[in-house]
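A short write-up of the structure that comes next.
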There are 2 protein chains.
Amino acid sequence: MTRIPAAERRAALIDAALRVVSRHGLAQATTRAIVAEAGMSLASFHYAFASRDELVDELITTVVGREQQAVLPDLIPGQTLHEIVEAGLLRYFEHLRSDPEHEQAMLELTQYALRSPERHPLAAAQYAKYIELAARSLELGAEIAGASWTVPVERVARVLVAFTDGLTLTWLVDRDDDAARAVAAAAADALTRMADTR
Amino acid sequence: MTRIPAAERRAALIDAALRVVSRHGLAQATTRAIVAEAGMSLASFHYAFASRDELVDELITTVVGREQQAVLPDLIPGQTLHEIVEAGLLRYFEHLRSDPEHEQAMLELTQYALRSPERHPLAAAQYAKYIELAARSLELGAEIAGASWTVPVERVARVLVAFTDGLTLTWLVDRDDDAARAVAAAAADALTRMADTR
DNA sequence: ACCGAAGTGGGACAGTTGTCCCAGTCGGTT
DNA sequence: AACCGACTGGGACAACTGTCCCACTTCGGT
């Protein structure tokens, strides 16, 4: 096996772990399964990480960062706010459809974090980032559409995140594309009503 | 130990299992943990159930039935449809607040079911029941308010379920009551717009 | 060329898990 | 009272898990 510095090995193991979790779930993501996916020996695992928990914690915190651009709206001038918001939601939906297992993995990681008091902050931080990202998108969208939010953007953003989560969960269960699009439309509707569209 | 027929033992074990899952998560719900919670010996478990999987499957299918009445709206005549729907959502939210671990357990069971192809139908059936229940409530609500849905009720119901899920997930993470109420209000808004309020 | 540190491999360990077995005991029917 | 099948308890097993250890190899700086 070629020699790899510990830092790179950590990254490689986290990538492998995410793949395993996506494919088979967190419960199946044993040290051996992760190491096999990464093509390493078992000892390398505990050379790079003190424990499996340490890897999972880092998996949770790092993976959120990559989610970033998915929800960012197309900023096409001339569109109404409603169109922009709905397009953003539909874009997220396409992202979900293209890699359902990934979103399922994220959900699973969140739920895992919720289980222990010391990990709960990880989930909270994850969501704080989502909300911040959503808030930025919403502000941008309003600007383009020449509208302004009549409710604090953070509040609108939180509602958007909630709607997105609901969309994700229900679609993962019934895989009903039309229904999901209806959810997106309804969500866009509700959100737009929190703005003053001059 | 007093003698208990197998059928009762199955019920007792399922109750115990739900308690364990609520408290510590599905991963911690080992045969031994469940049996300890139920105050039985380990052998009784495999006398009542062929395997742990069999118990979990039955846990998923039976537990949904008890959820039923939580979302049913107060049917106070004279209220607008918007008020009725929002009240229903807030009632669900109070239910969630009063026993968060239970909803967390339901979420976990759903995700578990999503993981294997042969269990996926269990999750789908679970959601079908949710949607049916929601549809009945929505129909009743519209009747009371003297309104009518302009979109098929099942479609409205699916959106309601999605919104409810989103509300649940986000509140479980950040425990922000005000934000959750804002989600409920926005959801009621979106849903009401799918009706013709004469 | 050499040497300490960084990285590697294989094997081992103890703890936990699902499942099973078997000898026993109870309760109701005959 | 006898008996048969339903139920019980304890212990065992093999598989799997996270973690550790130790001998070994390779690399970068001297």
Side-chain angles (χ1 to χ4, degrees), chain A residues 1-60 105 108-109 112-113 115-116 118-119 122, chain B residues 1-60 105 108-109 112-113 115-116 118-119 122:
Chain A
M1 174 105 303
T2 51
R3 257 175 142 61
I4 303 174
E8 283 179 39
R9 217 165 259 278
R10 282 176 77 96
L13 281 169
I14 285 183
D15 276 2
L18 180 60
R19 284 197 298 274
V20 174
V21 174
S22 295
R23 241 196 324 270
H24 301 113
L26 186 56
Q28 306 297 322
T30 65
T31 52
R32 282 168 181 80
I34 294 168
V35 145
E37 174 74 26
M40 299 180 192
S41 86
L42 191 51
S44 303
F45 188 101
H46 281 92
Y47 186 77
F49 290 98
S51 67
R52 193 188 95 111
D53 278 353
E54 189 182 306
L55 177 140
V56 174
D57 286 359
E58 196 153 320
L59 181 57
I60 294 173
E108 219 164 319
L109 289 172
Y112 174 76
R115 270 299 168 193
S116 65
E118 65 268 25
R119 251 180 286 271
L122 290 184
Chain B
M1 173 109 300
T2 50
R3 255 172 144 62
I4 302 174
E8 285 179 39
R9 216 164 261 274
R10 282 175 78 95
L13 280 169
I14 284 183
D15 277 3
L18 181 60
R19 284 196 297 274
V20 174
V21 174
S22 295
R23 242 198 320 273
H24 302 112
L26 187 56
Q28 305 296 322
T30 64
T31 52
R32 283 167 179 81
I34 294 168
V35 144
E37 174 74 27
M40 300 181 192
S41 88
L42 191 50
S44 303
F45 187 101
H46 281 93
Y47 186 77
F49 290 98
S51 67
R52 192 188 96 113
D53 278 352
E54 189 182 306
L55 177 139
V56 174
D57 286 358
E58 196 152 320
L59 181 57
I60 293 173
E108 220 165 320
L109 289 172
Y112 174 77
R115 270 300 168 193
S116 65
E118 65 268 24
R119 250 181 286 272
L122 291 183

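Just so it is clear, the model here is predicted, and its values are computed rather than measured. Reminder, nothing fancy here: chain letters follow the sequence lines and each chain counts from 1.
What separates CZ of A:F45 from P of C:dT8 is a distance of 15 Å, to the nearest Å. Rounded to a whole Å, the CG atom of A:L55 is 14 Å from the C1' atom of D:dT19. Note: CD (A:Q28) to P (D:dC16) measures 11 Å, nearest angstrom. Distance, B:L13 CG to C:dT19 P: 13 Å, rounded to whole Å. Between the CZ atom of A:F49 and the P atom of C:dT8 there is a distance of 14 Å, rounded to whole Å. Remark: P of C:dG18 and CD of B:E54 are 15 Å apart, rounded to the nearest angstrom. Taking atom CD of A:E8 as the reference point, atom P of C:dA6 lies 16 Å away to the nearest angstrom. Atoms CZ (B:R52) and C1' (D:dA15) sit 15 Å apart, rounded to a whole Å.
Distances from the side chain of B:T30 to the nucleotides C:dT19, C:dA12, C:dT17 place C:dT17 closest. Comparing C:dT19, C:dG9, D:dG18 by their nearest atom to the side chain of A:S44 picks out C:dG9.
For the pair A:T31 and A:A43, both in contact range of DNA chain D, the more 5′-proximal nearest nucleotide belongs to A:T31. Nucleotides of DNA chain D nearest to A:A29 and B:Y47 differ in position, and the one nearer the 5' end is that of B:Y47.
A donor N or O paired with an acceptor N or O is found under 3.5 Å between the base of C:dG18 and the side-chain atoms of B:R32.
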For side-chain contact (heavy atoms from CB on, under 4.5 Å), just list the numbers for B:F45 and B:L55, CA-CA rounded to whole Å, side-chain angles, deciding distance to a tenth of an Å, and then say yes or no. CA-CA 9 Å; B:F45 187 101; B:L55 177 139; 3.8 Å; yes
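Of all heavy-atom pairs spanning B:V35 and B:L42, the tightest one is CG1-N, 3.8 Å. Nearest heavy-atom pair across B:R10 and B:A48 is NH1-O, 2.8 Å. Taking every heavy atom of both residues into account, B:L13 and B:I34 meet most closely at O-CG2, 3.7 Å.
Taking the side chain as every heavy atom from C-beta outward, B:F49 and B:I14 approach each other to under 4.5 Å.
The side chain of A:H46 contributes no N or O atom lying less than 4.0 Å from OP1 or OP2 of D:dC20.
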